[in-house]
Protein chains: 2
Amino acid sequence: MQQLPNHPRGENALAQLVARVPLFAQLSESELSEVARRVTHRSHPRNIQLYGAGEHNASLMIIHSGLVKIYRITAAGHEQVIRILGPGDFLGESTFVDRTAADHFAVTLEPADICALHHDDLQSYLLSFPGVAMKMFETLTRRLAETEHQLSSVAGDDADHRVAAYLLQVAPAAGTGMFRLPISKKDIASLLGLTPETFSRKLAYFEGSGWILLHPGRDLEIRDRTALSHL
Amino acid sequence: MQQLPNHPRGENALAQLVARVPLFAQLSESELSEVARRVTHRSHPRNIQLYGAGEHNASLMIIHSGLVKIYRITAAGHEQVIRILGPGDFLGESTFVDRTAADHFAVTLEPADICALHHDDLQSYLLSFPGVAMKMFETLTRRLAETEHQLSSVAGDDADHRVAAYLLQVAPAAGTGMFRLPISKKDIASLLGLTPETFSRKLAYFEGSGWILLHPGRDLEIRDRTALSHL
DNA sequence: CGGGTCCTTGACGGCTCTCAAGCAGTGTGG
DNA sequence: CCACACTGCTTGAGAGCCGTCAAGGACCCG
């Protein structure tokens with residue numbers, strides 16, 4: 001729950017930061033500076049909780065850099081990762097819509113630069129800048145489609161399919177290069193609705209089959225894309 | 001894929017229908033009639049596919065009455081129910097945002113009155129009526145939160161918890177009355193990420209434990225709310 | 001009456017979780 | 001510089017939950 005002091009910045013620098021956010025991409029210069037005036041910007045270290053279940057978070061946050069993990073605590077009492085947010089993504093919109101307490105946690109996975117906008121300000125921006133509302137609408141629609149995909153995957157596919165689909169999704173499009181998993185294997189397992197043990201076993205099985213190569217740490221290599229895709 | 005002819009209606013009657021849709025609730029009289037002029041209205045029988053995966057659906061549909069089932073076909077080839085939509089809900093927004101083909105199916109579960117708005121018209125309405133964009137934003141946010149809840153439930157909880165949570169969710173708030181399940185047990189099972197067999201067994205187990213009473217058809221009665229809630 | 005769908009119940013097998021131990025990498029403090 | 005703790009990851013053994021396959025019954029609508 002630790003919080004760092006604001007980084008004081010010139011209004012101009014802040015406006016340039018805000019302009020790079022997809023959400024505000026199409027605002028005019030004067031509109032941008034109006035938004036920038038009401039925004040606070042912070043740098044957070046790793047493992048900082050931005051808000052937690054039960055809290056009445058009152059700001060929309062926009063990620064400039066770093067990764068943020070969204071998760072819940074299930075009835076059984078263990079952590080269930082819902083989504084990983086990165087640069088350009090926003091969070092805190094759920095408590096804006098229904099003014100109840102959040103039902104999930106948001107934690108930084110890496111050092112992160114995040115700017116925050118109070119819900120009251122958001123309200124007025126949405127009504128005066130239809131393009132912003134439109135952009136949030138689009139983002140949420142895509143996010144919803146993605147979550148529905150995740151849902152049908154967890155509900156219907158077995159562990160092999162889920163792991164293979166995830167690897168193909170995060171691997172660079174190019175052929176058989178080495179790349180780094182964006183988050184810890186433990187978090188990936190949770191995201192896929194698996195235990196870390198099962199995830200580890202599936203990776204070992206894929207390597208044994210010659211489909212991937214595991215390197216120390218989070219690095220791995222895909223050797224046989226087609227085998228993974230129509231498992 | 002059958003489609004019934006439009007029900008011709010006076011513009012006035014149509015405007016009144018449109019006014020009852022939450023999405024357009026706060027529009028002025030003149031704005032309402034402007035929307036109504038571009039809307040087509042249809043009555044569909046049961047089991048009609050509104051659109052399917054692979055189709056480029058080009059209209060936002062708003063449900064006046066009836067139920068619509070949204071589902072996918074998983075890699076394994078069986079149907080996975082994602083969501084049930086009812087009066088006031090809209091569908092077809094995903095193909096509006098990214099102009100690709102739909103990845104899911106939409107089918108009526110009951111006779112349904114549905115009005116449709118072409119995506120091009122929606123675009124202009126969203127920009128001229130910020131309240132409408134705002135409303136869609138709110139609805140999507142809630143829908144997303146609900147889907148995330150479903151996701152963590154399917155990923156983390158066992159069958160007993162999921163079935164109990166569903167029953168408590170659809171049962172009337174009042175004490176121990178009989179009520180009717182809104183959809184078939186087969187569809188509920190799929191929605192919960194279970195097979196119909198497992199769902200049936202869980203219901204039988206709940207009845208054997210004295211927590212619920214099963215009546216013929218879709219009727220049932222909850223006898224012990226607390227037992228179900230902290231299983 | 002017949003065909004269909006939906007639902008229930010039984011037996012069985014397998015996938016995945018749980019529990020447990022061991023290893024590697026990292027940061028910390030003596 | 002090393003000992004140590006801690007977290008993340010891997011591997012093994014076992015058990016249990018749930019899916020699959022199968023058969024039969026209830027109900028609806030032709």
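So you know, we letter chains A, B, ... as the sequences are listed, proteins then strands, and number each from 1.
- For B:Arg201 and C:dC12, the CZ to P distance is 13 Å, given to the nearest whole Å.
- In this structure, CD of B:Glu207 is placed 14 Å from C1' of C:dC7, rounded to the nearest angstrom.
- As rounded to whole Å, 13 Å separates atom P of C:dT5 from atom CD of B:Glu79.
- Rounded to an integer number of Å, the gap from B:Leu109 CG to C:dC6 C1' is 14 Å.
- A donor-acceptor contact closer than 3.5 angstrom is absent between the side chains of B:Tyr51 and B:His56.
- Qualifying side-chain contact (heavy atoms from CB on, under 4.5 Å) partners for B:Val21, counting only residues two or more places apart in sequence or in other chains: B:Leu23, B:Phe24, B:Ile62, B:His64.
- For B:His119, there are no side chain to side chain donor-acceptor pair (under 3.5 Å) partners, not counting sequence neighbours.
- Reading DNA chain D from its 5' end, the first and the last nucleotide to sit under 4.0 Å from a heavy atom of chain A are D:dG8 to D:dA13.
- In this structure, NZ of A:Lys202 is placed 5 Å from P of C:dT16, rounded to the nearest angstrom.
- By the ring pair (Phe, Tyr, Trp, His ring centres under 6.0 Å) test, A:Phe105 is found to be paired with A:Tyr71, residues two or more places apart in sequence or in another chain being considered.
- For residues 204-229 of chain A, the set of pairs meeting the salt bridge (Lys or Arg N to Asp or Glu O under 4.0 Å) definition, not counting sequence neighbours, comprises A:Arg180-A:Asp219.
- For DNA chain D, the residues of residues 150-164 of chain B within the heavy-atom distance limit of 4.0 Å (strictly under) are B:Asp158, B:Ala159, sorted by number.
- Applying the salt bridge (Lys or Arg N to Asp or Glu O under 4.0 Å) definition to pairs two or more places apart or across chains, those involving residues 88-104 of chain B are A:Arg142-B:Asp98, B:Arg72-B:Asp103, B:Glu93-B:Arg143.
- A 4.5 Å side-chain heavy-atom check between A:Leu17 and A:His41 finds at least one atom pair inside the cut-off.
- Rounded to an integer number of Å, the gap from NZ of B:Lys186 to P of C:dT5 is 10 Å.
- When all heavy atoms of A:Ile82 and B:Ser152 are compared, the closest pair comes out as CD1-CB, 4.1 Å.
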Side-chain donor-acceptor pairs under 3.5 Å in residues 185-195 of chain B, sequence neighbours left out?
unit_1   : atom_1 : unit_2   : atom_2 : d
B:Asp187 : OD1    : B:Lys69  : NZ     : 3.2
B:Asp187 : OD2    : B:Ser184 : OG     : 3.4
B:Ser190 : OG     : B:Glu79  : O      : 3.4
B:Ser190 : OG     : B:Val81  : N      : 2.8
B:Thr195 : OG1    : B:Thr198 : N      : 3.3
B:Thr195 : OG1    : B:Thr198 : OG1    : 3.1

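- In this view, B:Phe90 satisfies the ring pair (Phe, Tyr, Trp, His ring centres under 6.0 Å) rule with no residue, not counting sequence neighbours.
- Summarising the geometry, atom CD belonging to B:Gln150 is positioned 10.5 Å from atom CZ belonging to B:Arg162; distances are rounded to the nearest 0.5 Å.
- Sorted by residue number, the members of residues 187-200 of chain A with any non-hydrogen atom under 4.0 Å from DNA chain D read A:Glu197, A:Ser200.
- Residue pairs meeting the ring-ring contact (aromatic ring centres under 6.0 Å, His included) criterion with at least one partner in residues 158-185 of chain B, sequence neighbours excluded, do not occur; the list is empty.
- A:Ile212 contributes atom CD1, which lies 5.5 Å from atom CG of A:Leu220 (distance to the nearest 0.5 angstrom).
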Mind listing the N/O atom pairs, protein and nucleotides 22-28 of chain C, below 3.5 Å?
none

